[in-house]
Protein chains: 2
Amino acid sequence: MSSHAPIGRKVTLNDIAAGCDVSRATVSLVLRGSPLVNKRTRARVEDELRRQGYVYNRAAANLRRRSSSSIALILNDLANPFFAEFAAGVDEALGAAGFVTLLGCTGESASREQAVLGSLLEHGPGGIILSPAEHSNAHDVLAVVGRRAPLLLFNRELGGTLPEFAHWDQLMLDNQHGARLATEHLIARGHRRIAFFGGHHDSSSCRQRHAGYVEAMHTARLRTEPDWRIECAPTRLDAAHRTSALFDATYVPTAAVCYNDAVALGLMLGLRQRGLRPGQDFALTGFDDIAEAALGMPSLTTLSTAPHERGRQAAQLVMQRLQQPQAASHQTIAPVQLVVRESSCPPPTA
Amino acid sequence: MSSHAPIGRKVTLNDIAAGCDVSRATVSLVLRGSPLVNKRTRARVEDELRRQGYVYNRAAANLRRRSSSSIALILNDLANPFFAEFAAGVDEALGAAGFVTLLGCTGESASREQAVLGSLLEHGPGGIILSPAEHSNAHDVLAVVGRRAPLLLFNRELGGTLPEFAHWDQLMLDNQHGARLATEHLIARGHRRIAFFGGHHDSSSCRQRHAGYVEAMHTARLRTEPDWRIECAPTRLDAAHRTSALFDATYVPTAAVCYNDAVALGLMLGLRQRGLRPGQDFALTGFDDIAEAALGMPSLTTLSTAPHERGRQAAQLVMQRLQQPQAASHQTIAPVQLVVRESSCPPPTA
DNA sequence: AGTTACATTTGGATCGTTCTAATCGGGCAA
DNA sequence: TTGCCCGATTAGAACGATCCAAATGTAACT
């Protein structure tokens with residue numbers, strides 16, 4: 001337990017009460033806009049509040065009322081624009097409802113996630129929005145969170161099985177359907193040999209997107225070769241490095257469904273380094289629709305996930321849960337939308 | 001004052017005390033690792049804490065101790081990767097020191113900034129890190145913050161004069177020097193007609209960068225034409241649109257110092273749309289060194305500001321201030337570093 | 001006048017912690 | 001036996017708000 005900052009003398013309800021000769025209770029009623037209090041006293045009290053520069057002490061109020069006015073937002077990677085926009089959306093909706101956002105970043109480390117969860121819980125958040133770190137698992141999260149605050153899982157599922165009584169809400173993207181849309185789009189453009197590029201095997205979103213890709217291929221009666229699935233870290237840099245793996249395949253693909261936009265942009269770079277023009281000699285799609293997707297050369301066909309809107313939605317879901325703590329847990333799957341741009345050209349031979 | 005979420009029954013010090021037959025005070029001492037308490041009782045208490053799944057109530061402790069364990073972080077634009085990385089850095093350093101980050105986004109609106117400041121202050125943060133919205137001014141900020149928490153200004157100065165007694169700390173980037181370095185670099189490459197592209201006149205960082213540019217030009221005895229300064233919003237899109245203004249100038253420039261990376265990337269796009277190859281037919285530099293700068297086509301010569309590191313630094317500065325509330329206010333100017341990449345080619349005729 | 005009704009105000013307990021000063025038991029010197 | 005010190009423990013009052021039941025004042029009605 002670390003030492004913390006002392007605070008200067010603050011103006012309290014007692015000061016106000018003394019200052020305009022009413023009781024502490026009356027001032028409290030004024031603050032909360034109670035209809036019980038007389039017009040004239042209300043005006044007097046409000047003047048005094050202004051005069052002394054009073055600021056409400058929410059911590060004290062929450063203690064007495066056994067309520068909370070904050071929500072914890074725990075993210076695996078704030079530096080990723082997708083999560084940054086998500087966070088902005090969360091904060092916007094929470095702020096509008098009078099809640100404050102307690103931020104915590106885990107940097108994809110499950111152990112930091114434990115620490116951050118523990119630390120934020122001490123501040124008594126009313127709820128938690130958690131985008132889990134990569135190897136986080138249900139058991140550990142449950143151990144620290146318990147029943148102390150309702151939890152909304154965002155974006156990723158947790159490893160391990162979660163016990164019966166832990167009914168956590170979920171907000172996920174429709175990864176499978178999105179990847180299916182992208183794949184079907186490439187097929188419609190005439191591609192037959194399509195790879196699935198990037199992402200890690202053990203990430204739930206990657207598995208789902210891959211499943212959507214497989215689904216589309218099989219529905220179209222197209223084969224999927226094992227060496228058409230190329231793993232790499234979901235970063236531009238690693239994607240660029242792994243580009244060559246595409247062309248080492250027995251049957252060289254003419255297009256790739258990429259795990260996300262970062263990977264797709266990295267792949268574009270890798271293609272150029274091999275003298276290929278993405279969007280002309282090779283087709284590809286992304287996932288996320290980050291800002292750069294629209295402005296690239298070529299612009300990137302991708303799936304729009306509207307992270308800001310997802311953030312607002314996540315905030316709504318937790319706040320809804322707060323009002324109905326006993327309602328059955330809810331799984332929301334947010335739709336994604338295919339945005340067709342230049343990168344998904346027809347195959348060169350067609 | 002809005003209604004907030006009720007909280008389930010919590011385990012308190014009293015529960016623990018009753019559970020292992022000691023007083024509340026003793027349990028409190030155990031929690032804070034006091035040497036006063038006997039080994040055997042400490043062990044007993046610690047067992048009981050675990051058994052009942054106790055979590056510390058920091059709000060109650062802070063109330064009694066009149067201390068704070070949180071810092072407010074108020075940002076004008078979290079969706080901007082520069083600020084997102086900054087926020088991650090702040091949270092990392094704060095978390096390591098046992099503080100929690102109260103997040104607030106203003107979306108470049110001065111009135112929302114007022115509201116957010118007011119709301120966060122009610123939670124009694126120990127300090128505030130503020131990256132002001134564009135038209136925010138010292139008077140309004142002072143009115144709501146007052147002496148209630150020490151403030152660290154980041155990245156932008158506030159409009160208006162700030163009164164004598166409000167001694168706020170500052171952490172700024174060395175904008176002027178950075179722009180000067182970029183301009184000198186272009187001059188050394190042989191450019192003579194260099195424009196300053198992007199940003200808004202009334203932003204302090206833009207003024208400073210422009211001043212650095214002018215300084216370098218004058219030191220090299222080069223002229224600066226009025227129509228070599230082109231204003232636009234600091235976004236890719238607007239920068240792309242304003243590209244033509246460069247070529248409407250009486251003396252068409254061969255290079256441009258851009259307000260930031262976003263603008264530079266937008267300008268690249270605009271150049272390509274005119275059939276010019278950035279980094280070959282026209283040279284340009286950015287500012288910020290965002291992730292995409294290194295991976296662009298061509299890669300972008302720019303000024304590295306290390307936003308993550310700046311975030312950690314900002315956190316350190318506030319925490320330092322908390323320990324010495326009376327020390328004189330401090331202005332820190334963080335160095336920036338020129339990163340030379342492909343976009344700053346020599347002029348085509350040279 | 002006595003009673004009731006209503007609008008307004010208030011004292012005191014309370015939330016979960018920390019702090020201060022007091023208490024306790026026991027060993028040891030006088 | 002008394003007195004004193006010492007380590008270990010604790011009762012009770014804070015912190016700044018809310019809540020509840022009770023008190024106050026005024027007007028209206030019988």
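By convention in this document, chain letters (A, B, ...) are assigned in the order of the sequence lines, proteins followed by strands, and residues within each chain are numbered from 1. Basis for what follows: all heavy atoms, side chains included, without hydrogens, waters or symmetry-related copies.
Between B:Asn62 and B:Ser69, the side chains place a donor N or O and an acceptor N or O closer than 3.5 Å (distance only, hydrogens not considered). Checked by atom type, the side-chain pair B:Ser28/B:Arg24 shows no donor-acceptor distance below 3.5 Å. With hydrogens and angles left out, the side-chain atoms of B:Gln316 and B:Gln320 include no donor and acceptor closer than 3.5 Å.
Remark: C1' of D:dA21 and CG of A:Leu36 are 14 Å apart, rounded to the nearest angstrom. Taking atom CG of B:Leu13 as the reference point, atom P of D:dT9 lies 16 Å away to the nearest angstrom. Going from atom CG of B:Asn14 over to atom C1' of C:dT17 covers 10 Å, rounded to whole Å. Residue A:Asn62 contributes atom CG, which lies 15 Å from atom P of C:dT17 at whole-angstrom precision. Following rounding to the nearest Å, B:Ile16 (CD1) and C:dG16 (P) show an atom-to-atom distance of 12 Å. With rounding to whole Å, A:Asn57 atom CG is found 18 Å from D:dA14 atom P. Atom CG of B:Leu31 is separated from atom P of C:dT18 by 7 Å (rounded to the nearest Å). Atom CG in A:Leu29 sits roughly 12 Å away from atom C1' in D:dA17 (whole-Å rounding).
For the OP1/OP2 pair of C:dT14 and a distance below 4.0 Å, the side-chain nitrogens and oxygens of A:Arg66 include no atom meeting the criterion. Dashed line: the shortest gap from a side-chain N or O of B:Arg32 to OP1 or OP2 of C:dC19 is under 4.0 Å.
When each of A:Arg112, A:Glu113, A:Gln114, A:Glu157 is tested with A:Ser136 by the rule side-chain hydrogen bond (donor to acceptor under 3.5 Å, both in side chains), just one qualifies, namely A:Glu113.
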A:Ser329 vs A:Asp169, test: side-chain hydrogen bond (donor to acceptor under 3.5 Å, both in side chains). Steps then yes/no. CA-CA 5 Å; A:Ser329 75; A:Asp169 295 313; 4.8 Å; no
B:Asp47 and B:Arg44: salt bridge (Lys or Arg N to Asp or Glu O under 4.0 Å), yes or no, with the steps? CA-CA 5 Å; B:Asp47 279 352; B:Arg44 242 173 55 231; over 6 Å; no
Determine, step by step, whether B:Ser109 and B:Thr106 satisfy the side-chain hydrogen bond (donor to acceptor under 3.5 Å, both in side chains) criterion, reporting the C-alpha distance in whole Å, the side-chain angles of both residues, the deciding distance to 0.1 Å, and the verdict. CA-CA 6 Å; B:Ser109 148; B:Thr106 64; over 6 Å; no
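Taking every side-chain heavy atom of A:Leu63 into account, C:dG16 is the closest of C:dC19, C:dG16, D:dC19.
Across all their heavy atoms, A:Ala138 and A:Gly160 have their closest contact at CB-O, 4.1 Å.
Within residues 18-28 of chain B, the residues approached by DNA chain C to less than 4.0 Å at the level of any non-hydrogen atom are B:Arg24, B:Ala25, B:Ser28, in residue-number order. Listed by residue number, B:Thr41 are the residues of residues 39-49 of chain B with a heavy-atom contact under 4.0 Å to DNA chain D.
For the helix from C:dA1-D:dT30 to C:dA30-D:dT1, the axis fitted to the five pairs at one end and the axis fitted to the five pairs at the other end meet at an angle of 80° (nearest 10 degrees).
Classification of the B:Phe154-B:Phe83 ring pair by plane angle, with boundaries at 30° and 60°, yields perpendicular.
Atom CZ in B:Arg58 sits 6.5 Å away from atom OG in A:Ser119 (nearest 0.5 Å). With rounding to the nearest 0.5 angstrom, the CG atom of B:Leu120 is 7.5 Å from the CD1 atom of B:Ile128.
Put simply, the side chain of A:Arg64 and the base of D:dT18 share a donor and an acceptor less than 3.5 Å apart.
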